[in-house]
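Comments concern the structure below.
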Amino acid sequence: MTNQGKKQEKTTQKVVVFGARGRVGRAVVAEARARGLEVTEAGRGDGDITSAADVARLAAGHDLAVAAVYDLAADPGEFFPAAARALAAGLSGAGVRRLVSVGLASVLPTEAGALLMDTPGYPQEWRPFYAGHAAGTEALRAAAPQGLDWAVLSPSGDFAAAASTGGYAFCAADADADDRITHADFARAVLDEALAPTVHATHAGVRAA
């Protein structure tokens with residue numbers, strides 16, 4: 001093997017994508033493969049995301065992890081914190097040092113200060129789901145060991161079926177229900193953050209740029 005080949009082998013990153021068969025997960029998998037990363041697709045049939053042992057088994061040998069998971073049949077107030085704790089313990093046990101988890105804009109603050117889910121006219125029928133996501137982020141914050149560098153990213157508003165703009169921007173406190181970003185552009189932000197972290201131990205929104 002040439003020195004160049006050895007260097008390529010050494011620098012190839014391996015990423016496990018939990019929730020790989022959902023819309024966001026599929027976009028992340030496609031973006032990762034387009035970048036030449038080695039990808040393991042982990043779906044519901046491959047293991048229990050609320051089990052640290054299953055997370056560790058699926059993540060073994062990987063450098064990075066992305067989690068875009070949900071279970072509409074489960075109580076969100078129980079599911080998201082349980083998944084966060086399992087990810088924290090399982091990824092740490094597997095030696096994975098970077099996690100990017102996908103959250104919701106609903107629990108981000110707007111420019112006026114109120115959480116997006118508390119603004120007038122925002123749909124309230126899914127409020128337990130919003131609150132479950134928020135609880136999951138807090139559980140991750142509490143459970144993540146020092147060696148796990150994590151971030152939660154979400155659209156600053158919602159997803160769009162429009163054509164990709166090719167760009168994105170982060171926002172911390174100006175969520176907007178009218179903002180839209182494509183799955184492809186959001187996946188680009190997720191992979192950028194996984195590979196070259198700039199967001200640490202917090203939830204940030206992503207909008208098209």
Side-chain angles (χ1 to χ4, degrees), residues 17-29 42-52 54-55 65-91 99-144 150-161 170-183 185-187 189-190 193 199 201-208:
V17 180
F18 295 97
R21 296 174 186 109
R23 290 185 181 180
V24 175
R26 291 198 304 270
V28 170
V29 167
R44 194 169 299 170
D46 300 309
D48 181 359
I49 192 63
T50 65
S51 162
D54 281 1
V55 170
V66 173
V69 298
Y70 66 95
D71 185 349
L72 290 179
D75 179 341
E78 296 178 0
F79 173 77
F80 289 109
R85 289 189 291 267
L87 285 164
L91 294 177
L99 165 67
V100 179
S101 186
V102 178
L104 285 181
S106 313
V107 296
L108 284 173
T110 61
E111 190 173 10
L115 298 182
L116 187 58
M117 67 180 183
D118 293 331
T119 56
Y122 199 78
Q124 295 300 302
E125 59 268 28
W126 291 96
R127 194 174 181 90
F129 190 69
Y130 311 154
H133 261 283
T137 298
E138 291 310 306
L140 183 58
R141 189 185 309 280
W150 63 272
V152 175
L153 300 184
S154 72
S156 59
D158 205 346
F159 289 108
F170 289 124
C171 57
D174 52 353
D176 187 334
D178 293 328
D179 282 347
R180 294 292 183 270
I181 189 169
T182 66
H183 288 89
D185 289 337
F186 182 75
V190 167
E193 270 304 306
V199 177
T202 193
H203 178 185
V206 187
R207 59 164 49 102

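None of these values were measured; they are calculated from a predicted model. We use all heavy atoms of the structure for the numbers below, so side chains are in, but hydrogens, waters and symmetry mates are not.
Taking CD1 of Ile49 as the start and CZ of Arg44 as the end, the distance is 11.0 Å to the nearest 0.5 Å. Taking CE from Met117 and CH2 from Trp126, the interatomic distance works out to 15.5 Å, rounded to the nearest 0.5 Å. We find the CZ-CG distance between Phe18 and Leu91 to be 5.5 Å, quoted to the nearest 0.5 Å. If you take CG on Leu87 and OG on Ser101, they are separated by 6.5 Å, rounding to the nearest 0.5 Å.
No side-chain heavy atom of Val28 sits under 4.5 Å from any side-chain heavy atom of Val102. Residues Ile181 and Phe159 meet the side-chain proximity criterion, which asks for heavy atoms closer than 4.5 Å. Using a 4.5 Å cut-off on side-chain heavy atoms (C-beta onward), Phe186 and Leu153 make contact. Proximity of Arg141 to Val152: side-chain heavy atoms (C-beta onward) are nowhere separated by under 4.5 Å.
The nearest pair of heavy atoms linking Thr50 to Ala83 is CG2-N, 3.9 Å. Summarising the geometry of Val199 relative to Ala151, their closest heavy-atom pair is O-CB, 3.4 Å, with the distance given to 0.1 Å. Residues Pro81 and Pro76 come closest through the heavy atom pair CD-O, 3.7 Å. Nearest heavy atom pair, residue Ala105 against residue Gly157, reads CB-O, 3.5 Å. The heavy-atom pair separating Pro155 from Leu108 by the smallest distance is O-CD1, 4.3 Å. Residues Val206 and Ala189 share a closest heavy-atom pair of CG1-CB, 3.8 Å.
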Requested in this report: Evaluate the ring pair (Phe, Tyr, Trp, His ring centres under 6.0 Å) criterion for residues Phe80 and Phe129: first the C-alpha distance (whole Å), next the side-chain angles of each, then the deciding distance (0.1 Å), finally the verdict.
Outcome: CA-CA 9 Å; Phe80 289 109; Phe129 190 69; 5.4 Å; yes
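Atom OH of Tyr130 has more than 12 heavy atoms from other residues, nucleotides or ligands within 6.0 Å.
When the side chain to side chain donor-acceptor pair (under 3.5 Å) test is applied to His133, no partner is found at least two apart in sequence or on another chain.
Under the side chain to side chain donor-acceptor pair (under 3.5 Å) criterion, the residue pairs touching residues 106-121 are Ser106-Tyr122, Asp118-Arg127, with sequence neighbours excluded. Annotation: side chain to side chain donor-acceptor pair (under 3.5 Å) contacts involving residues 171-181, sequence neighbours excluded, comprise Ser156-Asp179, Asp174-Arg207, Asp179-Arg207.
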